[in-house]
Amino acid sequence: MSQKPEDFFKNIISHCKEYGYIFPSSEIYDGLSAVYDYGQYGAELKKNLREYWWKAMVQMHENIVGIDAAIFMHPTTWKASGHVDAFNDPLIDNKDSKKRYRADVLIEEHVAKIEDKINKEVEKAAKRFENFDAAMFKSTNARVKEYQDKIDNINTRFKTALNENNLAEVKQIIVDCEIVCPISGSRNWTDVRQFNLMFSTSMGSVAEEGNLIYLRPETAQGIFVNYLNVQKTGRMKIPFGIAQTGKAFRNEIVARQFIFRMREFEQMEMQFFVKPGTEMQWYEYWKTARLKWHNSLGLGNDNYRYHDHLKLAHYANAACDIEFKFPFGFKELEGIHSRTDFDLKQHEQYSGKKLQYFDPEENKSYVPYVVETSVGLDRLFLSILSAGYKEEPLEGGDTRTVLSLPPALAPIKCAIFPLVKKDGLPELAEKIVKELRMDHNVIMDEKDTVGKRYRRQDAIGTPYCITVDHQSLEDQTVTIRDRDTMKQDRVKIADLSKILDEKVSWKSLLKHLA
RNA sequence: GCGGAAGUAGCUCAAUUGGUAGAGCUCCAGCCUUCCAAGCUGGAGGUUGCGGGUUCGAGACCCGUCUUCCGCUCCA
């Protein structure tokens, strides 16, 4: 394939829309930026991915249980987690360099520069005088006092402006201080805008300040606030994990690349509670375990790599991503973070409740450390599609479009075709459909030539096609065709159920994890 | 948010200097039927992303707006 990567990506997006995988949200109203809906096949694939993750996490680990916390949480949750502060940035753009800065950082840097000047004055003076008293010098030297007044003035104004949420004043400070863009050197600034990455709404009928609540920007906090409930009612012993899947919401400044970065997205995460001091070995354990899980999907182990974080978030003492080779390059698919006891300690402080675990082996109580694995379901979905979407050249110059989805995850497991629409073949096909339908998502198709029907199923990723022909009437056998190899086997109708069970079972994936 | 490109049927795309919106595939009904998509007949599907403007007349020109893609930027 000599296609450009961006064309390839565009084709995937088109394919998703054409075959009922993903539609732009509210498309008849021109869509909503960075919001997408899953269609009839997309919903199935997404559900299957979620189920495989859940089985691998909860069903396969006796010390991991799952919960389903609400999207709405007490507002103090987000103060404790640090999101209220960390997700609130006043931003400003320089119109000439097109660079964006945090307004507070610009002002702080400006203040730091003035402080440097003071320090230089002090240094100079120190060289001139013996028995130099720096404090005395600072409080008496006119030039230093002038600088110090400036700093105090700026800080006071800035503090007031932030408290009053007065963004115009923040800009005025930047203008008054004659702060220039480090790149362009110009003072051609846009207005200051507040970017709050959390969506907010109000609870109750009266929209008052006190009723402001947020749509959760991550699902993790729902686990942290429930960890003792689960530990006590489930009689969990450390180390143990709590898993959860659910929607989270972030008001991204720029949300792009199809379903890779959406404003509403679904996370699948597991918080693993461990004894302090053992967190690094569990961090390594989950790094390995999660990569193994991804590899079990069979998309190609070369498509994954680790990316260790050098700059760590405020809550973490180690962090890495599992990246996937998307059509637009290696990008984060899953994060594995050693979150320490930061979150639980914060919640202890803000709630005033003890969140300690009594360790019977040690005979003492402590706040556990947490190792987190968090994968984006939508990104996972995209990884499956990017690796599975193929435009395959065939003999005779033809190409076929095929979605090579892992069979256990495919929306439709099997399609049943009567070779022709007469001689009792449709009736026999119907009978097979009714039998297989009890266990699997199957469909029947009798329109158009059989070759065309194969191609239709290839395009939606159906792994198997069963064709009922004239021989079927005589000896009760049918052909079963494999999507990827296009090879056919003749098998007994009576064996179909068993054959299909084996090919598309969860076991076919889960066995790779053992 | 900035810059570039684009938006016409479900999909891929046409439509001369502004002059009747079209094709192929798809879809539906029927005929035929030979195991890897393009056999025959008929049919459905469009306020050309949306809103203004210029014009006798706009898919095309102008303004605004929305969405998407690419590059910057951002990503606790």
K452(A) has a side chain; which of C69(B), U26(B), C35(B) sits nearest to it? U26(B)

C27(B), OP1 or OP2 - any side-chain N/O from R456(A) closer than 4.0 Å? yes

Measure from the side-chain heavy atoms of V420(A) and tell me the nearest of U26(B), C69(B), U34(B). U34(B)

In the strands shown, is U47(B) matched to any nucleotide by a Watson-Crick or G-U wobble pair with both distances under 3.5 Å, and which? none

Looking across every strand, which nucleic acid part, if any, lies under 4.0 Å from F417(A) by heavy atom: base, sugar-phosphate, or nothing? nothing

What nucleotide, of C35(B), C11(B), C36(B), holds the atom closest to the side chain of M486(A)? C36(B)

Under 4.0 Å, counting only non-hydrogen atoms across every strand here, what does K447(A) touch: a base, just sugar-phosphate, or nothing? sugar-phosphate

Less than 4.0 Å between a side-chain N and a carboxylate O, is that true for K421(A) and E446(A)? no

Compare the minimum distances between each of C11(B), C35(B), U68(B) and the side chain of E18(A), then state the nucleotide with the smallest one. C11(B)

When both distances are under 3.5 Å in a Watson-Crick or G-U wobble arrangement, the nucleotide paired with C61(B) is G53(B)

Where the side chain of R455(A) is defined as all heavy atoms beyond and including C-beta, which of C36(B), C74(B), U26(B) is the nearest nucleotide? C36(B)

Can you tell me which nucleotide in C11(B), C69(B), C35(B) comes closest to the side chain of K17(A)? C11(B)

Run the numbers on S351(A) and T76(A) for side-chain contact (heavy atoms from CB on, under 4.5 Å), then give the verdict. CA-CA 8 Å; S351(A) 67; T76(A) 308; over 6 Å; no

Out of C69(B), C35(B), U12(B), which has the shortest distance to the side chain of S14(A)? U12(B)

How would you summarise protein contacts on nucleotides 46-51 of chain B per nucleotide, using B for base, S for sugar-phosphate only and - for none, with heavy-atom distances below 4.0 Å? ---B--

Partner of E266(A) under salt bridge (Lys or Arg N to Asp or Glu O under 4.0 Å), chosen from R216(A), K46(A), K247(A): K46(A)

Minimum-distance nucleotide (side-chain atoms of E218(A) versus A76(B), U33(B), C28(B)): A76(B)

Can you tell me which nucleotide in C36(B), U26(B), C27(B) comes closest to the side chain of Q488(A)? C36(B)

When the ring planes of F328(A) and F260(A) are compared, do they come out parallel, tilted or perpendicular, using 30° and 60° as the limits? perpendicular

What contact category does S81(A) fall into here, base, sugar-phosphate, or nothing, at under 4.0 angstrom with non-hydrogen atoms? nothing

Complementary nucleotide of A29(B), counting Watson-Crick and G-U pairs under 3.5 Å: U41(B)

Compute the centroid of each ring, for Y389(A) and then for H15(A), and state whether the two points are separated by less than 6.0 Å. yes

May I ask you to verify if any side-chain N or O of K422(A) is less than 4.0 angstrom from the OP1 or OP2 atom of U33(B)? yes

Pick out which of I416(A), I432(A), I466(A) makes a side chain to side chain contact (heavy atoms under 4.5 Å, CB included) with V442(A). I416(A)

For the side chain of L419(A), counting heavy atoms from C-beta on, which of C35(B), C27(B), A37(B) is nearest? C35(B)

Residues that R456(A) engages under salt bridge (Lys or Arg N to Asp or Glu O under 4.0 Å), provided they are two or more places apart: D445(A), D448(A)

Need one value for D458(A): base, sugar-phosphate or nothing, where a base atom within 4.0 Å counts as base even if backbone is also close, heavy atoms only. nothing

Could you label the plane-to-plane angle of the H347(A) and F224(A) rings as parallel, tilted or perpendicular, counting under 30° as parallel and over 60° as perpendicular? tilted

